[in-house]
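Heads up: the structure comes next, in structure tokens.
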Amino acid sequence: MAELQTLKVQARSGLGKEANRKLRQESLVPGVYYNAKGENIALQVQGLPLSKLFHKIGSSRVFDLIIGEEATARPALIWKLQHNPVKSNIIHVDFLGVDLDKAIKVHVPVEVTGKPKGLVKGGRLEIFRETVEVLAKPLSIPDAVVVDVTDLDLNESYLISELPVIEGVKFIYDDNFAVVGVVVPTEQAEGGEAASAEAAVE
Amino acid sequence: MLAPKKVVYRKRQKCRLKGNARSGFMVAFGEVGLKCVEHGKLSSQQIEAARVAIMRHIKRGGQVFIRVFPDIPVTAKPAEVRQGKGKGAPVGWCAPVKPGRILYEVKGVSLELAKEAMTRAMHKLPVKTVIVVKEGHES
């Protein structure tokens, strides 16, 4: 088993808009840790280490969360990030504490490899679902579901039931939807004759 | 050009804009987006001009998504008419935008080409914009 990444955070006492705005001015990100047992701890974390960690592990890989001076690390996932609409920096983070022996549902990104046959015939590779939901134990969650699309011809697609089997991972779905396919591109109008506005103005 | 098919009221008040976008501020459908960073109103002509600029640059193969819709009527009085006597006649449509709003998205083309196309679209718009790339598509 590879060693888990570590993130150090501090518990915070100030709650609400005013306290959180002050934290953000100091490049700190307010956050919260919660788990299935009902624990709920308000936290603050340095913005830069958090964004570096998120780029490394995303939201589907477990890491060790160390709160304050605690001796034991808590395995957790970066569950939800909120961004500033304009600057795109992180303004809030949710950490989900996980039990390493219990399977959880999590969304995992889809990655494609290879050049599809249909691409040569003028088709376009379309990823219909950027993530798929899986049920797995936290340490078995894959970084990504890798799909080899080399054999895909025009108007063909891979359904979720046809994705490669990963040990210890179960795909969750109600409908057997297409995940990735090669489609015939439709021409988009280049000129300005898309719709007549004059009629609607009257 | 974009315009509503039908509306309940032909004329309405101008919208006053404040605050940042509360939705539509993440690149959702494409790989590269054009983000607005100031308040403004885009006319349907400006939205169309920027779309055409993007389409002409990326040519074939890509896909363009327009994330704003001009659904606010704009009115104007005729020239050389004194003030009063009611609100002017509808002359077009506009889309109010707040900082953070994604205006266009492109997918299916190289990052470089998409950025060039977005730069051309920038010049057609009356608001300051920046190019944003979806996470995981930076390289």
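By convention in this document, chain letters (A, B, ...) are assigned in the order of the sequence lines, proteins followed by strands, and residues within each chain are numbered from 1.
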Under 6.0 Å from the [atom1] atom of [X], do we count more than 12 heavy atoms belonging to anything else shown?
X      : atom1 : result
B:K11  : NZ    : yes
A:K8   : NZ    : no
A:N176 : CG    : yes
A:E39  : CD    : yes

Residue-level interface, residues 94-126 of chain A with chain B, non-hydrogen cut-off under 4.5 Å =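 Hits under 4.5 Å: A:R124, A:E126.
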key: Set of side-chain hydrogen bond (donor to acceptor under 3.5 Å, both in side chains) partners for A:T6, sequence neighbours left out   =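 With sequence neighbours excluded, A:T6 shows a side-chain hydrogen bond (donor to acceptor under 3.5 Å, both in side chains) to no residue whatsoever.
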query = Who are the salt bridge (charged side-chain N to carboxylate O under 4.0 Å, His left out) partners of B:E80, not counting sequence neighbours?
reply =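 Expected list: none.
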query = Do any pairs count as a ring-ring contact (aromatic ring centres under 6.0 Å, His included) and have a residue in residues 5-42 of chain B, sequence neighbours left out, and if so which ones?
reply =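 For residues 5-42 of chain B, and leaving out neighbouring residues, the ring-ring contact (aromatic ring centres under 6.0 Å, His included) pairs sorted by first residue read B:F29-B:F65.
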Under 4.5 Å from a heavy atom of chain A, the part of B:K98 involved =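 Neither part.
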key: Proximal component of B:P99, with respect to chain A [non-hydrogen, under 4.5 Å]   = both
ask   = Between the side chain of B:K35 and the main-chain N/O of A:P85, is any donor-acceptor distance below 3.5 Å?
value =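 Such a contact is found between B:K35 side chain and A:P85 backbone.
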